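Notes for the one structure printed next.
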Number of protein chains: 2
Amino acid sequence: MSSLNDVARRAGVSIATVSRVINKGSNVNEETRAKVLKAIKELKYQPSRVAKRLRSKSASSNLIGLLIPDIQNPFYVDVLRGVEDVAYENNYAIIMCNFAQDEKKEKMYLDILQQESIDGLIAAPAHEKDPNVIKLLNDGLPIVCVDRGLTGKDVDVVVVNNRDGAYVAVDHLIKSGYKRIAYISGQKQIPSSKYREMGYRDAIEDNGMQVDVELIKYGDSKHRSGVELCEELLAMANPPDAIFTGNNLITLGALETIHKRELRIPEEVAIVGFDDMMWSISLNPPLSAVRQPAYEIGKRACELLIQRISDPKRSPIQMTLNTKLILRKSC
Amino acid sequence: MSSLNDVARRAGVSIATVSRVINKGSNVNEETRAKVLKAIKELKYQPSRVAKRLRSKSASSNLIGLLIPDIQNPFYVDVLRGVEDVAYENNYAIIMCNFAQDEKKEKMYLDILQQESIDGLIAAPAHEKDPNVIKLLNDGLPIVCVDRGLTGKDVDVVVVNNRDGAYVAVDHLIKSGYKRIAYISGQKQIPSSKYREMGYRDAIEDNGMQVDVELIKYGDSKHRSGVELCEELLAMANPPDAIFTGNNLITLGALETIHKRELRIPEEVAIVGFDDMMWSISLNPPLSAVRQPAYEIGKRACELLIQRISDPKRSPIQMTLNTKLILRKSC
DNA sequence: TTGAAAGCGCTAACAT
DNA sequence: ATGTTAGCGCTTTCAA
C-alpha cells in the first residue's frame with residue numbers, strides 16, 4: 001500500500017499538496033492537481049482511514065458502531081439493513097457488534113468501539129439501565145438508542161409503540177371470543193417487554209376481564225424459551241385458548257411446541273405474535289402478527305445519528321413509530 | 001479519552017514503561033507496575049486501537065473483515081455467528097460488510113476494509129472470478145473464502161459438498177415416486193448454484209430419467225425470485241410434481257406461491273429446499289431440507305484465517321463439510 | 001499556490 | 001529496569 005509520501009514524491013510535490021487535492025482543497029493549481037491525480041492513479045493509492053482517524057479527532061472518521069442484542073432475530077437484521085443503507089449513502093462504514101444477550105460480551109464490544117474512535121453509536125441496550133451504554137453516553141459519544149431507551153437519560157431514541165401494538169392484538173383476540181389469553185414475554189427487564197405486557201393487561205381489563213398472572217410467562221426472548229414456556233402453558237390443568245407471543249423467536253418456538261402436541265391452530269389454541277416476518281405467510285397456519293417497521297427504525301436511527309454527529313448539541317428526539325396488526329389465519 | 005502520555009505523567013514514569021506494563025512487558029519493577037496500574041485505573045485509560053494499528057503493521061491489529069452477500073439469508077447469519085464466536089475467543093474484532101449482492105457496494109466495502117488495515121478477511125465472493133476479492137488476495141491480504149471459492153486461485157476455502165447435498169435430495173424425491181422434478185436455482189454464476197444443479201442433473205440421469213431444461217429456473221437467490229419462478233413453474237401446461245429449491249430464501253418464496261395457489265403439499269406438489277432453518281418444523285408443512293452446517297463453516301473459516309494471519313505461507317486448505325438431508329413432511 | 005513541520009497515540013529499537 | 005526517540009500516514013497551521 002502506497003502512502004501520501006509515495007504519491008507526493010512521484011508527483012514531485014509536497015504531501016500537503018497531495019492532501020489538498022484529495023480533500024477537495026480549494027487552492028490548488030489545475031496542472032498540479034492533474035499531476036497528483038495521475039500519480040494517485042498510477043500508484044493505486046488508497047488513503048489510510050486509520051491515520052486519518054488518528055490525526056483528526058475533529059474531522060469525521062466515518063465510522064459508526066451498531067450494537068445489537070441478537071442477530072438471530074430477523075427483527076434486528078432488518079434494523080441493520082436500514083442503518084446500513086443510510087450509512088452507505090452518507091459514506092459511513094459500520095462496525096456491527098452482536099452481543100448475543102451477554103453483558104460481558106457487550107462490554108467488550110463497547111470497549112473496542114471506543115478504542116476504534118467511532119464517531120457515533122446506534123445501540124439497542126441490554127436493558128434500560130445498561131451501564132455500558134450509559135458510560136459511553138456520559139463520555140460524550142453521540143448515541144441513538146433503538147427498540148429501547150435508557151431511563152432517565154436524555155438521548156435520541158427510535159422505538160415503536162409497543163403498548164398499543166400489544167393492546168390491539170390482544171383486544172382483537174378478545175373480540176374474537178378467546179377467553180384465556182396467555183402472554184409469553186421476552187426478557188422482563190427490557191422496556192419493550194414491559195410495554196407489551198402493559199398493552200396486554202390493559203386490553204384484558206378494558207374488556208372487563210381479569211388478568212390471570214398464571215398466564216404470563218417470562219423468558220429470555222429466544223427460540224428455546226418460546227418452546228419451553230409454551231409447553232408450560234399447554235401443560236396447565238386449565239390451559240389458555242390463545243397465546244400472545246412477545247417476539248419473533250418466541251413465536252416460532254411456541255409454534256413448534258403447539259405442532260409437537262398436534263393441536264389445531266386456531267381451533268384449539270390461537271396465536272398472535274409480536275413481529276412480522278417476510279415468510280409469516282408460509283407458516284402453519286399463516287401467522288397473524290403485529291408488524292414493526294424494523295427497516296425504518298434502523299433508517300431513522302441512522303439519520304438521527306448522523307445529524308447528532310454534526311450537531312452534538314441538538315436536543316434529543318424521541319421518535320415513536322407505529323405498529324400494524326396483520327391478520328392471517330392463526331387467530 | 002486519556003492517552004499513554006496522561007498515564008505516564010500521572011504515574012511519574014515514561015510512556016515506554018506504561019507501554020511495557022500494558023503489553024505484559026517482562027522487564028518492569030513490581031512497584032512501578034503497581035503505580036502504573038493505579039494511574040490507568042484512575043484515568044480509566046483505554047488504549048487507542050487506531051494508534052496501535054497505525055504504528056505497527058507487523059503487530060496484529062486484531063481486526064478482521066467479514067464480507068457477506070446477503071444478511072437477510074439466515075444461512076449467513078449462522079456463518080456470522082460461527083465467525084464471531086471464534087473471533088471473540090481470540091480477541092479479534094470484526095467489521096461485517098453486507099454487500100447485498102451489489103458489486104459496487106462490495107467494492108466500496110472492500111476498499112474500506114483495506115483502508116482500515118484489517119489483518120485478514122473472510123469472504124463469500126460475489127462469484128468465482130470476483131475481481132474485488134482477487135485484488136486483495138493479490139495484495140497479500142490473508143483471506144479465507146466461505147461458501148464459494150475463487151477459480152484458479154490458491155486460497156483457503158470452506159465449503160459444503162453442494163453437489164452431493166443436492167444429489168441426495170433429488171434422489172430421494174425420485175425414489176419417492178416424483179416424476180417431474182424442477183430446480184429453482186440461485187444466481188447462475190455462483191459456484192454453489194452450479195454444483196447443486198450438477199447434483200440435481202446427476203441424480204435424475206443416474207435414475208435413468210431425462211433432464212428437462214424447462215424445469216430448471218435461474219433466479220437471484222432471493223425471496224422474490226422464489227415467488228416468481230415458482231409461479232412460472234406452476235403455470236406451465238405440464239407443471240412439476242416436485243420442486244427442489246436452491247436456497248433458504250427461494251424455498252420460502254416458493255412456499256408462498258404454492259400456498260397462494262392453494263395447492264396441497266406434498267400431494268399436489270412436493271418441495272425440498274437447500275438450507276435448513278431453525279423453524280423449518282413450523283412451516284406448512286414441516287419442511288424437508290438439506291442442512292448445511294452453517295455455524296461450523298463460519299467457525300472453521302475463522303480458525304483457518306487466524307492460523308493464516310500468524311503463518312502467511314502455510315499452504316492453502318480446502319475444507320469440505322457435509323450436508324444432511326432432513327426429512328419432514330414436504331416430500 | 002505551495003511547502004515545512006508539528007503532532008495524533010502508540011511501539012520498538014536503542015541508550016542509559 | 002527505565003527513558004529517549006524515531007516514526008506509522010495523515011491533517012493542519014504557519015510561512016514563504
Side-chain angles (χ1 to χ4, degrees), chain A residues 1-37 39-40 43-63 111-119 139, chain B residues 1-37 39-40 43-63 111-119 139:
Chain A
M1 287 279 304
S2 43
S3 73
L4 254 201
N5 229 310
D6 301 327
V7 177
R9 208 171 321 131
R10 179 153 197 134
V13 298
S14 76
I15 59 167
T17 301
V18 178
S19 178
R20 276 186 204 102
V21 350
I22 288 173
N23 301 301
K24 308 179 182 300
S26 32
N27 295 331
V28 45
N29 185 296
E30 268 317 312
E31 269 176 54
T32 317
R33 179 190 307 278
K35 269 194 305 190
V36 172
L37 255 18
I40 288 179
L43 293 172
K44 294 183 189 167
Y45 169 74
Q46 295 252 47
S48 159
R49 291 172 60 97
V50 179
K52 190 168 185 167
R53 224 159 51 255
L54 178 59
R55 177 53 229 239
S56 50
K57 224 21 160 226
S58 56
S60 164
S61 67
N62 285 303
L63 226 208
D111 281 349
I112 288 180
L113 255 16
Q114 195 166 27
Q115 292 161 11
E116 286 288 351
S117 308
I118 55 173
D119 291 326
D139 283 358
Chain B
M1 288 280 302
S2 43
S3 72
L4 253 200
N5 228 309
D6 301 326
V7 177
R9 209 172 320 131
R10 178 154 197 133
V13 299
S14 76
I15 59 167
T17 302
V18 178
S19 178
R20 275 187 203 101
V21 352
I22 289 173
N23 301 302
K24 311 181 179 298
S26 33
N27 294 332
V28 44
N29 184 296
E30 268 319 312
E31 271 176 52
T32 318
R33 180 192 305 280
K35 269 195 305 189
V36 172
L37 256 17
I40 288 179
L43 293 172
K44 294 183 188 165
Y45 169 73
Q46 296 255 47
S48 159
R49 290 172 62 96
V50 179
K52 191 167 185 166
R53 210 143 77 247
L54 178 59
R55 177 52 231 238
S56 48
K57 236 357 171 244
S58 55
S60 164
S61 67
N62 285 302
L63 228 206
D111 281 348
I112 288 180
L113 255 17
Q114 194 166 30
Q115 291 162 12
E116 287 288 351
S117 308
I118 55 171
D119 291 328
D139 284 359

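Quick caveat, the model's predicted, so the values are computed rather than measured. By convention in this document, chain letters (A, B, ...) are assigned in the order of the sequence lines, proteins followed by strands, and residues within each chain are numbered from 1.
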Using whole Å, report how far [atom1] of [X] lies from [atom2] of [N].
X: B:R49; N: C:dT11; atom1: CZ; atom2: C1'; result: 16 Å
X: B:Q114; N: D:dG9; atom1: CD; atom2: P; result: 14 Å
X: A:I22; N: D:dG9; atom1: CD1; atom2: P; result: 14 Å
X: B:N23; N: C:dA13; atom1: CG; atom2: C1'; result: 15 Å
X: B:R53; N: D:dG9; atom1: CZ; atom2: P; result: 14 Å
X: A:K35; N: C:dT1; atom1: NZ; atom2: P; result: 14 Å

Item to check | Side chain to side chain, A:T32 and A:R20, heavy atoms closer than 4.5 Å | outcome: no
Item to check | Heavy-atom check, side chain of A:L63 versus side chain of A:R49, under 4.5 Å | outcome: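 Result yes, sub-4.5 Å side-chain heavy-atom pair found.
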Checklist entry - In terms of side-chain heavy atoms of A:L54, which of D:dT12, D:dC10, C:dG9 is nearest? => result C:dG9
Straight-line distance of [X] [atom1] to [Y] [atom2], nearest 0.5 Å:
X: B:K44; Y: A:D139; atom1: NZ; atom2: CG; value: 7.0 Å
X: A:N29; Y: A:K35; atom1: CG; atom2: NZ; value: 8.5 Å
X: A:M1; Y: A:L43; atom1: CE; atom2: CG; value: 11.0 Å

For [X] versus [Y], what's the shortest heavy-atom pair and its separation?
X: A:S14; Y: A:A8; answer: C-CB, 3.8 Å
X: B:S117; Y: A:V50; answer: OG-CG2, 3.9 Å
X: B:V13; Y: B:V36; answer: CG2-CG2, 4.0 Å

Item to check | Side-chain donor/acceptor of B:R9 to backbone N/O of B:I15, under 3.5 Å | outcome: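 No, the answer is negative, given that no donor and acceptor are paired below the 3.5 Å cut-off.
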Checklist entry - Between B:R53 (side chain) and B:S48 (backbone), is there a donor-acceptor pair under 3.5 Å? => result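 Absent.
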Checklist entry - In residues 3-10 of chain B, which ones come under 4.0 Å of DNA chain D, going by heavy atoms? => result none
Next on the checklist: Let me test you: for the helix from C:dT1-D:dA16 to C:dT16-D:dA1, what is the angle between the axes at its two ends (five pairs each), rounded to 10 degrees?
Outcome noted: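 That helix has its two terminal axes inclined by roughly 40°.
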Checklist outcome for this item: The contact string for nucleotides 2-7 of chain D, one letter per nucleotide 5' to 3', using protein heavy atoms under 4.0 Å with B, S and - for base, sugar-phosphate only and none, comes out as BBBBBB
Checklist entry - Applying the side chain to side chain contact (heavy atoms under 4.5 Å, CB included) test to B:I40, which of B:L4, B:I22, B:D6 qualifies? => result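 Among B:L4, B:I22, B:D6, the one that satisfies the side chain to side chain contact (heavy atoms under 4.5 Å, CB included) with B:I40 is B:I22.
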